[in-house]
Amino acid sequence: IPTILTPQQLKELLENLVDLPKTAVSLGASTGLRVGELLGLKWEDIDFENLELHLIRDVVKQRIERCKTEASRKPVPIDAAVAEILWEWRLRCAYNQPKDRVFASPARRGKQPYWPSSIYRVYLKPVLENILKIKEPVGWHTLRHSLGTLMKANGEDVKTIQETLRHANFKVTMDVYTQGITAIRRSAHSAYSGDVGR
């Protein structure tokens, strides 16, 4: 069962991050981008005026690939607060020209993005383990699973969740990417049990 981060855990995680890792987690948690899509972004792919991302490429083991499916290539809306975090990062980072990567690695002089495991190991893992005290396995995909589950818990319809996560099939969205949240399951169970007991 995938680990799901609560809104409070996500908030605390972001409060303990700055610059590149904060930007990457904010974007991943709010859009559900796959880590390869996240690392494939260039500044020219971000439309700050219309608040959306244009996904063109995916990075897999430092190889650049085109996003495979039509669903994956659809523009992704971003929240104004997340756009502001992105813009602040652009003002501070060394590689901020339109053709530069949003998450360019200085070790590679901006020609390649960071390895996802490097960002996770150096910045995210210490916060997750030492500050948030999370013992369950957490990875980049946790952000995607968490978004789907929290959207479902907030009452979003299946189609909206499917299109947000850009799945070609809604069955994948419901069977793999959304979990029942314990408090909601308990409430549903109590309501049903109360009816049965009458």
Side-chain angles (χ1 to χ4, degrees), residues 1-14 17 20-43 45-48 50-60 65-87 89 101-103 113-114 116-117 119-120 123-124 127-128 132 134 136-181 184:
I1 297 173
T3 303
I4 303 300
L5 298 178
T6 67
Q8 184 59 35
Q9 288 172 321
L10 286 166
K11 182 173 182 273
E12 287 179 41
L13 175 59
L14 289 168
L17 298 172
L20 182 142
K22 179 176 183 172
T23 307
V25 170
S26 296
L27 202 51
S30 64
T31 62
L33 290 186
R34 298 166 182 94
V35 70
E37 296 166 339
L38 196 70
L39 296 176
L41 282 173
K42 293 185 177 183
W43 289 112
D45 303 330
I46 303 170
D47 183 343
F48 285 100
N50 295 307
L51 297 176
E52 62 183 21
L53 307 173
H54 298 279
L55 301 179
I56 296 159
R57 67 200 72 74
D58 195 3
V59 177
V60 180
E65 300 177 355
R66 188 166 169 73
C67 290
K68 292 181 176 73
T69 66
E70 186 181 329
S72 292
R73 291 190 295 268
K74 286 184 178 177
V76 175
I78 53 173
D79 184 74
V82 175
E84 190 174 330
I85 291 169
L86 272 165
W87 187 255
W89 167 238
R101 299 186 182 286
V102 175
F103 303 108
Y114 273 86
S117 56
I119 301 172
Y120 180 81
Y123 302 105
L124 275 60
V127 175
L128 290 164
L132 273 66
I134 294 175
E136 298 84 4
V138 173
W140 283 104
H141 227 61
T142 301
L143 300 175
R144 194 166 161 78
H145 282 282
S146 297
L147 178 62
T149 297
L150 295 172
M151 287 181 76
K152 183 179 176 217
N154 284 339
E156 296 294 345
D157 64 274
V158 177
K159 190 68 180 168
T160 300
I161 302 170
Q162 177 194 346
E163 289 186 358
T164 298
L165 297 177
R166 291 162 300 109
H167 289 141
N169 185 322
F170 80 91
K171 194 161 172 35
V172 173
T173 307
M174 296 315 292
D175 291 350
V176 179
Y177 281 86
T178 57
Q179 310 295 320
I181 293 181
I184 293 170

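These figures come from a predicted structure and were not determined experimentally. Side chains included, hydrogens not; waters and symmetry mates left out as well; all remaining heavy atoms used.
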Drop me the distance from E37's CD to D45's CG, to the nearest 0.5 angstrom.
11.5 Å
Would you compute the distance between atom CG of L147 and atom OG1 of T31 and round it to the nearest 0.5 angstrom?
7.5 Å
Of all heavy-atom pairs between L132 and E12, which one has the smallest distance, and what is that distance?
CD1-CB, 3.9 Å
Under the side-chain contact (heavy atoms from CB on, under 4.5 Å) rule, what do T23 and L17 come out as? Steps first, then yes or no, please.
CA-CA 9 Å; T23 307; L17 298 172; over 6 Å; no
Distance check, rounded to the nearest 0.5 Å: T3 atom OG1 versus L128 atom CG?
10.0 Å
Could you tell me whether a side-chain N or O of W89 sits under 3.5 Å from a main-chain N or O of V102, the two making a donor and an acceptor?
yes
Please report the interatomic distance CG(L124) to CG(L143), rounded to the nearest 0.5 Å.
7.5 Å
Exam field: side chain D79 to backbone A81, donor-acceptor pair closer than 3.5 Å
yes
Audit row: L53, L33, side-chain contact (heavy atoms from CB on, under 4.5 Å) steps and yes/no:
CA-CA 10 Å; L53 307 173; L33 290 186; 3.8 Å; yes
Minimal non-hydrogen separation, W140 against A24, with atom names:
CH2-CB, 3.9 Å
Is the W87 ring parallel, tilted or perpendicular to the F48 ring (thresholds 30°, 60°)?
perpendicular
Under the 3.5 angstrom rule, does the side chain of Y120 hit a backbone N or O of V138 as a donor-acceptor pair?
yes
Working to the nearest 0.5 Å, report the span between OG1 of T6 and CD1 of I134.
7.5 Å
Hey, does the side chain of T149 reach the backbone of S146 with a donor-acceptor pair shorter than 3.5 angstrom?
no
side-chain contact (heavy atoms from CB on, under 4.5 Å) between H145 and I4, worked out:
CA-CA 6 Å; H145 282 282; I4 303 300; 3.8 Å; yes
Kindly compute the distance separating CG (L38) from CZ (F103), expressed to the nearest 0.5 Å.
4.5 Å
Where is the tightest heavy-atom contact between G40 and R101, given as atom of each residue plus distance?
O-NH1, 4.0 Å
Between S26 and V82, is there a donor-acceptor pair closer than 3.5 Å when you use the side chain of the first and the backbone of the second?
no
If we only count heavy atoms from C-beta on, is the L27 to L41 side-chain gap below 4.5 Å?
yes
